[in-house]
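What follows is one structure encoded as structure tokens, with my remarks underneath.
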Amino acid sequence: MTSSDAVRDTANDSAGPQPASAAGRRRWIALAIVMTAAFMDLVDVTIVNIAIPSIERDLGASFGAIQWITAGYALAFAAGLITGGRLGDIFGRRRLFLLGITGFTLASALCGFASGAEMLVAARLLQGAMAAMMVPQVLAIIHVTFPAHERGKVFGMFGAVVGLGAVSGPLLGALLTQWNLFGLEWRPIFLINLPVGVAGVILGRRFITESRAEKALRLDLVGVALVTAALLMLIYPLTRGRELDWPLWGHLCMAASPLMFAVFVAYEKRKTRKDGSPLVELSLFRVKSFAAGIAVQLTFGVVLGIFFLVWTLYMQIGLGWSALKAGLTGVPFSIAVSVAAGMSVQKLVPRFGRKVLQAGALTMAAGLLLYIWEAGRYGTEIHSWQMIPPLVVMGLGMGLIVAPLTDAVLSEVPREHAGSASGLINTTAQMGNALGLGLVSVVFFGTIDEPLAPAAVGPAFADAFQGSLWWVVAVLAVIFAVMFALPARPKQHLEGGAGEPGAVTEEEAPREPVLAH
């Protein structure tokens, strides 16, 4: 029996035979529910960046805590992403979706009512873990709810929603912070999730039908624990080291992190031999284009993690701009990403292949160099309109990379491993993002000598911003070189692994408009 048959059987058992029109309405309502949840997750990430300075002032958060407010979410999301998909396979995607959206809503409430930086960091970790349960079910539910001939249109709609979330998140965060609703300052950026989440739970229980994979892989909780420990041993000392004057234990943890990754790899090999359901399918790395693509995803995540946080700090703390002014400044960037992403997939990649992605890396680097020049020339007197040219160039470059990258990475992956590969791609992107956010303490804060007199804050942050961008340019140069290992003419990857529903659970690929991070 196919997964679609299972869904129909579940629906018929619970609600009896339904007219075609009623069933059609149910599935479109279910689509709206899961798309709203995905939109809420993406907006919640992008919305936080713009409110960081307000959070720092209100809670007296240290720079390390600021990094963890963003990096903690990315790390928890990355660590639980593949496991969340497998839990949906085993226990039911509707059940895990409802559990995830309920937990995400409660975690949002904890964020909104946080009394201190430590509570906010803990709530963000919980929020990321709940998102890891919720988000992987979205595409799986769409896959088993809609017939094959309708999925192209549905996934197109999903991509549009994701793009809208990426563009609207920073602006919505700026407006909510600027309006200071009920004197709550930054807190409405989290509390706005409460009515949306409650509505999602109520409607989801009624309109989403249950589905499971026929042959679900087993959980690999030991693998999750090992890879999470390896990441924490690297990222936590990076974020805390500067504030603690780089203690010995921090250096030891970072040095031991590669050893923990080696233990993880050894365990995954053993897990593969034992029951064939490792967290990471290591055989994928024998495919040169996939291994190179994972390296690109990881380093590109580092680029985005560094840039978006230091950009926010530069505009709001260094230049003293309001959240609304900073949010509006980013609009041309978001529009440029959306335009270039559409063009790259539809027109450029089919004709020029890998060169489009490499052109994107070079274009983005050119925009960064222009930004470095402008920041140095105009100093703290720079205006929003002067930032438009470098931001548009950067946005065009990013759009040329983010849209076609997943298909390029997956083009030579065996179809039976497509779902695992897609889940790993997105997990790697989130890990890179968390690592980039951790590196901010080195590339940005590491160049600022504290304490600063009020008059020295602007110039110090402007200099640190320029220095950080040079690091980003260097990473993009590495990305450009690694892209030579991608296929010259990437094939357009088809969803799923040989059409197997189990493959789709981990295939969270449409999240990759990574403006969120």
Side-chain angles (χ1 to χ4, degrees), residues 34 37-38 40-42 44-45 70-91 93 96-97 99-101 103-104 107 124-143 158 162 213 216-232 235 264 268 277-281 284 290 293-294 297-298 300-301 304-305 405-406 409-410 417-437 495-497 502-514 516-517:
V34 296
M40 181 172 66
D41 161 64
L42 184 59
D44 199 73
V45 179
T70 50
Y73 183 98
L75 183 60
F77 185 83
L81 184 57
I82 294 177
T83 299
R86 291 187 185 172
L87 285 169
D89 279 352
I90 297 168
F91 298 108
R93 292 146 186 164
L96 262 292
F97 175 82
L99 179 62
I101 194 172
F104 189 89
R124 286 286 286 169
L125 287 167
L126 177 62
Q127 203 178 33
M130 292 298 103
M133 286 191 184
M134 174 180 72
V135 174
Q137 318 311 325
V138 172
L139 286 188
I141 290 171
I142 292 174
H143 181 80
F158 184 87
V162 168
L217 295 175
R218 298 182 181 181
L219 298 179
D220 183 9
L221 298 180
V222 175
V224 172
L226 288 173
V227 75
T228 303
L231 286 166
L232 282 172
I235 295 172
F264 168 72
E268 291 300 283
S277 57
L279 182 69
V280 174
E281 184 62 53
L284 290 169
F290 179 80
I294 286 294
Q297 280 282 16
L298 181 69
F300 195 61
L304 302 181
L405 180 56
T406 296
V409 178
L410 291 175
H417 293 313
S420 297
S422 296
L424 185 56
I425 287 170
N426 289 279
T427 298
T428 303
Q430 299 301 322
M431 289 179 176
N433 184 253
L435 180 57
L437 290 163
E495 63 169 294
V504 183
T505 53
E506 298 165 17
E507 192 175 347
E508 202 243 335
R511 283 191 92 255
E512 79 248 4
V514 212
H517 314 296

Restricting to side-chain hydrogen bond (donor to acceptor under 3.5 Å, both in side chains), what partner residues turn up for Glu281, sequence neighbours left out?
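Glu281 satisfies side-chain hydrogen bond (donor to acceptor under 3.5 Å, both in side chains) with Ser283 only.
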[X] [atom1] to [Y] [atom2] distance, which is reported to the nearest 0.5 Å:
| X | Y | atom1 | atom2 | value |
| --- | --- | --- | --- | --- |
| Leu217 | Asp89 | CG | CG | 7.0 Å |
| Gln297 | Gln430 | CD | CD | 9.5 Å |
| Leu219 | Phe91 | CG | CZ | 6.5 Å |
| Met431 | Ile294 | CE | CD1 | 10.0 Å |
| Leu221 | Arg86 | CG | CZ | 10.5 Å |
| Leu304 | Leu437 | CG | CG | 9.5 Å |

Residue set satisfying side chain to side chain contact (heavy atoms under 4.5 Å, CB included) with Leu226, at least two apart, ordered chain then number -> Val222, Met260, Val263, Phe264, Tyr267
Sequence neighbours left out, what passes side chain to side chain contact (heavy atoms under 4.5 Å, CB included) with Leu126? Give chain and number order.
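Expected list: Ala107, Leu110, Met130.
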Restricting to ring pair (Phe, Tyr, Trp, His ring centres under 6.0 Å), what partner residues turn up for Phe290, sequence neighbours left out?
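So Phe290 forms a ring pair (Phe, Tyr, Trp, His ring centres under 6.0 Å) with Phe285.
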Not counting sequence neighbours, list each pair that qualifies as a side chain to side chain donor-acceptor pair (under 3.5 Å) and has a residue in residues 126-135.
Asp44-Gln127, Ser108-Gln127, Arg124-Gln127
Show the nearest heavy-atom pair for residues [X] and [Y], with the distance to one decimal.
| X | Y | result |
| --- | --- | --- |
| Glu268 | Pro278 | OE1-CB, 3.3 Å |
| Met40 | Ile101 | CE-CG1, 4.0 Å |
| Asp41 | Met134 | CB-CE, 4.0 Å |
| Leu410 | Ala421 | CD2-CB, 3.4 Å |
| Gly293 | Val409 | CA-CG2, 3.5 Å |

Count the heavy atoms belonging to other residues, nucleotides or ligands that lie under 6.0 Å from CE of Met133, then report whether that count exceeds 12.
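Result for CE/Met133: open.
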Determine all donor-acceptor pairs shorter than 3.5 Å in which one atom belongs to a side chain in residues 75-84; sequence neighbours excluded.
none

Contact check, side chains of Thr428 and Phe300, non-hydrogen atoms, under 4.5 Å:
no
